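In listed order, ligands and their atoms are each counted from 1. The structure displayed is predicted, hence computed values, not measured ones. In this chain, numbering begins with 1 at the start of the sequence shown.
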Amino acid sequence: MLVLGIETSCDETASAVVEDGKKILSSEVASSLNFHKKYGGIVPEIAFRMQLETITQAADYSLNKARIKLKDISLISVTDGPGLLGSLLVGVSFAKAVSIATKIPLLGINHLHSHIYAPFFKEEIAFPFVALVVSGGHTSLFYVKDFDKINLLGSTLDDACGESFDKVAKILGLGYPGGALIEAMGRKGDQGKIRFNCCDTEKPMDFSFSGIKTAVLYLIKKQGVSSLQRKQDIAFSFQDSVISALIAKALAACKIKKSTRLVIGGGVAVNNKLRERFIEESSERDIKCYFPPRQFCMDNAAMVSGLGYRLFRKGYKSKLGLTAQLN
Ligand code: KG4
Ligand code: ZN
């Protein structure tokens, strides 16, 4: 069964064709990121205007690349939230229009749930498991009993994890988006030079990243960044503290839920240090970590097609009243 996936929750216009939830025939991502760089973050107005201009081409391109005709598609699966309202509406409206014109069934997909699906492109994962989604817009822990039984355990009270990488990179003058830049800068950082606290929250499975961002800002205001080494030390310590907090909370969730499987998805899951430490520290507790293939950590439509396939097989279908969900 062939599924056309559409994903426009943030800056990207993504379209993919996936067979039986596993075989990725095409996965195309056009991003307006370059147009946001000078503002140091995503400008929703720019994002959705560009998505409006590119969505038809992106879908066409992914069908052509997969060598598939629209008439051979059995389901149109589209991200309906959470994300930027204007951006989501572009994808949802496009998918609805195609569904009306072709009578192909339509299914709205939760963006965070689709990030949890991405590791399934590598291997099947037995239910239940704990899942951590760490992206530019979200940081959430879930308990996943099935593709349609995903319960939220905790989430960030302020900034998202990726957002804190982006903000700290901006404070350090590294550019945007900041995740990969912080990772590269931190590679030569000196361990133990600086320590930041991260993520103290009342509820153990919630997150908070605004405090560590402010701590970096105050440190730099007070002491300046006198050398490259100093920048590297700050980048290292920031990243190290964030990763420690993510691991502590995810492993606490595994302990509470008695789960021996932990899925990690979202753009921040590309980070090599994060992967290494998660694998190392989880294996000490006999917990197995599952990561998506690197190219499917960041936003893409293949994961939307994949999850769409699994849910459609369970009988899920959306009505034409489908609209953007902000939460
Ligand atoms: O999942 P994603 O593509 O978009 C959202 O759904 O938000 O994630 C984008 C986020 C950005 O904040 C970016 O800085 C972060 O992922 N990111 C990283 C790395 N590469 C991208 N964070 C840490 N280390 C990286 N190597
Ligand atoms: Zn995402």
Side-chain angles (χ1 to χ4, degrees), residues 5-14 16 27 29-33 36-37 40-42 44 47 51 78-84 87-88 91 109-119 131-140 142 155-156 159-172 174-187 189 198 207 209 212-213 235-236 238-247 263-278 291-304 306-307 325-327:
I6 303 288
E7 147 67 40
T8 59
S9 66
C10 192
D11 62 286
E12 69 296 319
T13 312
S27 175
V29 185
S31 170
S32 55
L33 206 55
H36 303 283
K37 273 187 179 158
I42 303 295
Q51 285 161 327
V78 59
T79 304
D80 63 357
L84 303 174
S87 295
L88 289 166
I109 293 290
N110 178 291
H111 180 61
L112 302 182
H113 297 179
S114 69
H115 272 301
I116 298 172
Y117 186 80
L132 171 68
V133 177
V134 265
S135 74
H138 298 90
T139 309
S140 306
F142 296 96
S155 58
T156 185
D159 293 347
C161 183
E163 186 181 359
S164 74
F165 273 83
D166 295 336
K167 287 183 174 170
V168 167
K170 193 172 176 184
I171 294 168
L172 289 174
L174 301 180
Y176 176 82
L181 299 168
I182 293 271
E183 182 174 13
M185 184 58 66
R187 233 167 253 144
C198 181
F207 300 85
F209 296 98
I212 188 165
K213 167 204 69 191
F236 174 88
F238 162 75
Q239 179 179 276
D240 194 57
S241 310
V242 167
I243 294 172
S244 297
L246 294 176
I247 294 175
V263 163
I264 300 116
V268 184
V270 168
N271 188 290
N272 289 301
K273 202 75 196 163
L274 178 145
R275 286 182 177 231
E276 276 168 27
R277 286 196 48 202
F278 256 98
F291 288 95
R294 275 172 208 282
Q295 69 271 36
F296 299 113
C297 284
M298 310 284 277
D299 291 345
N300 66 85
M303 62 191 190
V304 181
L307 181 57
Q325 311 288 324
L326 285 183
N327 292 305

S.K.: Parallel, tilted or perpendicular for His111 and His115, by the 30°/60° rule?
M.R.: perpendicular
S.K.: Applying a heavy-atom cut-off of 4.0 Å, say which part of His111 lies close to ligand 1: side chain, backbone, both or neither.
M.R.: side chain
S.K.: Counting only heavy atoms, which portion of Met298 has something under 4.0 Å from ligand 1: side chain, backbone, both, or neither?
M.R.: both
S.K.: Considering heavy atoms of the protein only, find what lies nearest to atom 2 (P) of ligand 1 and give residue, atom and distance to 0.1 Å.
M.R.: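 Protein heavy atom with the smallest distance to atom 2 (P) of ligand 1: Asp299 OD1, 3.5 Å.
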S.K.: Does any N or O atom in Pro177 lie less than 3.5 angstrom from one in ligand 1, N or O only?
M.R.: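 No - when backbone and side-chain N and O of Pro177 are compared with those of ligand 1, no distance drops under 3.5 Å.
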S.K.: How far is atom 26 (N) of ligand 1 from its nearest protein heavy atom, and which residue and atom is that?
M.R.: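 The closest heavy atom on the protein side is Glu183 OE1, 2.8 Å.
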S.K.: With a 4.5 Å cut-off on side-chain heavy atoms, are Pro82 and Asn110 touching?
M.R.: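 A side-chain contact under 4.5 Å exists here.
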S.K.: Is a side-chain N or O of Asp80 found less than 3.5 angstrom from the main chain of Val78, in a donor-acceptor match?
M.R.: no
S.K.: Give me the residue, atom name and distance of the protein heavy atom closest to atom 24 (N) of ligand 1.
M.R.: Asn271 ND2, 3.0 Å
S.K.: Out of Gly267, Ser135, Gly83, whose heavy atom is nearest to atom 21 (C) of ligand 1?
M.R.: Gly267
S.K.: For Val268, take its heavy atoms, then give the atoms of ligand 1 lying under 4.0 Å from any of them.
M.R.: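 Taking each heavy atom of Val268 in turn, ligand 1 has 16 (O), 18 (C), 22 (N), 23 (C) under 4.0 Å.
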S.K.: Distance check below 2.8 Å: does Cys10 bring an N, O or S atom to the Zn ion (ligand 2)?
M.R.: no
S.K.: What atom name does the N, O or S atom of Asp299 nearest to the Zn ion (ligand 2) carry?
M.R.: OD1
S.K.: Does Asp166 approach ligand 1 within less than 4.0 angstrom via side chain, backbone, both or neither, non-hydrogen atoms only?
M.R.: side chain
S.K.: Determine whether a donor-acceptor pair (N or O, by modelled atom type, separation under 3.5 Å) exists between the side chain of Ser9 and the backbone of Gly83.
M.R.: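 Between the backbone of Gly83 and the side chain of Ser9 there is no qualifying donor-acceptor contact (under 3.5 Å).
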S.K.: Measure the distances from the heavy atoms of Ala180 to every atom of ligand 1 and state whether one is below 4.0 angstrom.
M.R.: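 In this structure, Ala180 qualifies as a contact of ligand 1 - some heavy atom is under 4.0 Å.
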S.K.: Taking the side chain from Gln51 and the backbone from Cys10, do they hold a donor-acceptor pair closer than 3.5 Å?
M.R.: yes
S.K.: Answer yes if the side chains of Glu183 and Asn272 hold a donor-acceptor pair under 3.5 Å, and no otherwise.
M.R.: yes
S.K.: To the nearest 0.5 Å, what is the distance between CG (Leu132) and CD1 (Ile264)?
M.R.: 6.5 Å
S.K.: Taking non-hydrogen atoms only, is Gln239 closer than 4.0 angstrom to ligand 1 via side chain, backbone, both or neither?
M.R.: neither
S.K.: Between ligand 1 and His115, can you find any atom pair, the residue atom being a heavy atom, that is separated by under 4.0 Å?
M.R.: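 Contact present.
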S.K.: Is a donor on one side and an acceptor on the other found under 3.5 Å between the side chain of Thr139 and the backbone of Thr156?
M.R.: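 It does not hold such a pair.
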S.K.: For atom 22 (N) of ligand 1, grab the closest protein heavy atom and report residue, atom and distance to one decimal in Å.
M.R.: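 In this structure, atom 22 (N) of ligand 1 has Gly179 CA, 3.3 Å as its nearest protein heavy atom.
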S.K.: Specify whether an N/O/S atom of His111 falls short of 2.8 Å from the Zn ion (ligand 2).
M.R.: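 Checking His111: at least one N, O or S atom is under 2.8 Å.
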S.K.: Which atom pair, heavy atoms only, marks the closest approach of Pro293 to Ala118?
M.R.: CD-O, 3.6 Å
S.K.: For the residue pair Ser31 and Asp11, confirm or rule out a side-chain donor-acceptor distance under 3.5 Å.
M.R.: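 A donor-acceptor contact under 3.5 Å links the two side chains.
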S.K.: Can you find an N/O atom of Gly136 closer than 3.5 Å to an N/O atom of ligand 1?
M.R.: yes
S.K.: Contact between Ile6 and Val304 at the side-chain level, heavy atoms closer than 4.5 Å - yes or no?
M.R.: no
S.K.: Could you tell me whether some N/O pair between Phe165 and ligand 1 is separated by less than 3.5 angstrom?
M.R.: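 Between Phe165 and ligand 1 (N or O atoms, distance only) the closest approach is not under 3.5 Å.
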